[in-house]
Amino acid sequence: MTILIASTFDPDGWTRHMRAAMPDRRVIATTRRGEFEGAPDDLETVRYVLAWKPRIDLLERLPRLEVLFSLGAGVDHLMALPRLPGVPVVRIVDPDLTARMTEYVVWQVLHHHRQAFAYRRQQAARQWRDLRQPAARHVTVGIMGLGVLGLSAADLLARLGFRVIGWSRSAKSVPDVETFAGEAELERFLGQTEILVALLPLTPETQRILDRKLIAALRKDGPLGGPVLINAGRGGSQVEADIDAALRDGTLKGASLDVFEQEPLAPESPLWNAPNLVLTPHVAAVSDAAALSIGIAEQIRAFERGEPLRNVVDPKRGY
Ligand code: NDP
Ligand code: OXD
């Protein structure tokens, strides 16, 4: 009944916290490079893998594997593997991670809404000047992806007074949020959106969706004086050259990017000094081993009592 941590981030922290959460289990780990340096026999007893960017050749050496847990909410790192073992893939849904993402989204929405870049420039120039400040109720925040993270951000933004609208794959009814679904309703959603928040999983359908055409469809005549793009989903959903150009020619008034096409972002990327861009290194909602180990341990115990697994990924949808 061994648990294997196969993670390119913090394998020691995950091992320590999983041992604390499940003291009756053997917990072993790969190196940060994904290599297993223990005795090969150990792999034969592995029933659960907790993975972040695992190596496929390792997953194929686990004859007793029963569940593959993603150490993040996103599973594109698993869906990108050439094959997956025929076991359920479970992703992280946890109040700790959701709260971190909600905090990031609200931080960035307020940064742009309250004109932080303009005040920063004024401060540098020792200028005492008040800028016209629209009320939150006059600003429309559009959220792409009304899943666990999108819905939580939508709820808090609506409570702050923003007009919140949302777009998802399937139609939804969400209190205080006007909703749009599918490609057919995307343009209508974008045309009303001044601050766009992307919280989409990376799938073939969402790849490079945040491009010049989408940016051009955002509302331009809103009270903020220009549209803003915030992406905390996946970098593969954005076309960085288009975002950079839109920031430089003023099509976008501002942007916040937490995720990038290639991570880490290359030192020569023009985005580092794009105007009015908040750039963070994929930290919007980190997977905190101390907090998340408890939920994973609960899932394992419930699974062993014969209860159904929660947050199982649909391999056909890819999220
Ligand atoms: P969920 O699976 O709960 O929600 C995904 C949402 O996206 C759903 O509403 C889904 O629609 C919608 N969606 C998927 N495909 C499409 C499509 N083709 N067109 C329109 N809508 C679509 O995911 P979470 O909310 O938990 O997480 C979202 C993503 O956030 C993760 O996949 C991950 O990539 C990213 N993330 C980033 C982090 C960071 O630190 N930057 C941390 C954690 C997650 P429907 O409801 O109809 O299925
Ligand atoms: C995740 C992430 O998917 O951290 O959880 O990106």
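Counting from 1, the numbers follow the sequence of the chain as shown. Order of appearance sets the numbers: ligands from 1, and atoms from 1 within every ligand.
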Given [options], which has its nearest heavy atom closest to [atom]?
atom	options	answer
atom 24 (P) of ligand 1	Val259, Asp94, Leu149	Leu149
atom 10 (C) of ligand 1	Phe180, Tyr104, Tyr319	Tyr319
atom 7 (O) of ligand 1	Gly150, Pro201, Gly318	Pro201
atom 39 (C) of ligand 1	Met101, Arg317, Met144, Glu185	Met101
atom 29 (C) of ligand 1	Ile143, Thr280, Leu200	Leu200

Taking atom 35 (C) of ligand 1 as the reference point, the nearest protein heavy atom with its distance: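 That would be Gly233 O, 3.5 Å.
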Using the side chain to side chain contact (heavy atoms under 4.5 Å, CB included) definition, which of the options Glu35, Arg33, Arg61 pairs with Arg55?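 So, applying the side chain to side chain contact (heavy atoms under 4.5 Å, CB included) to Arg55 and each of Glu35, Arg33, Arg61, only Glu35 qualifies.
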Within a distance under 4.0 Å of any heavy atom of [X], pick out the atoms of ligand 1 and give their elements.
X	value
Leu199	28 (C)
Ala285	39 (C), 40 (O), 42 (C)
His282	39 (C), 40 (O), 41 (N)
Glu205	18 (N)
Lys172	45 (P), 46 (O), 47 (O)
Asp258	39 (C), 40 (O), 41 (N)

Min N/O separation [X] to ligand 1 under 3.5 Å:
X	value
Thr203	no
Val286	no
Gly147	yes
Val148	yes
Leu146	yes
Arg91	yes

Check the angle between the aromatic planes of Phe117 and His112 and answer parallel, tilted or perpendicular using the 30° and 60° thresholds.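 Phe117 and His112: tilted rings.
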Run the ring-centre check on Phe180 versus Trp167 and record whether the distance is less than 6.0 Å.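 No, the ring centres sit 6.0 Å or more apart.
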Under a 4.0 Å heavy-atom limit, does Ala285 contact ligand 2 with its side chain, its backbone, both, or neither?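 Near ligand 2, Ala285 shows its backbone, while the atoms from C-beta on stay back.
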Near Gly74, which atoms of ligand 2 are under 4.0 Å from a heavy atom of that residue?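 Listed by number with element: 1 (C), 3 (O), 5 (O).
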Would you check whether His282 reaches within less than 4.0 Å of ligand 2, judged by its heavy atoms?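 Flag set, His282 near ligand 2.
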Which part of Thr206 is near ligand 1, with near meaning a heavy atom under 4.0 Å away: side chain, backbone, both or neither?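 Near ligand 1, Thr206 shows its side chain, while the N, CA, C and O stay back.
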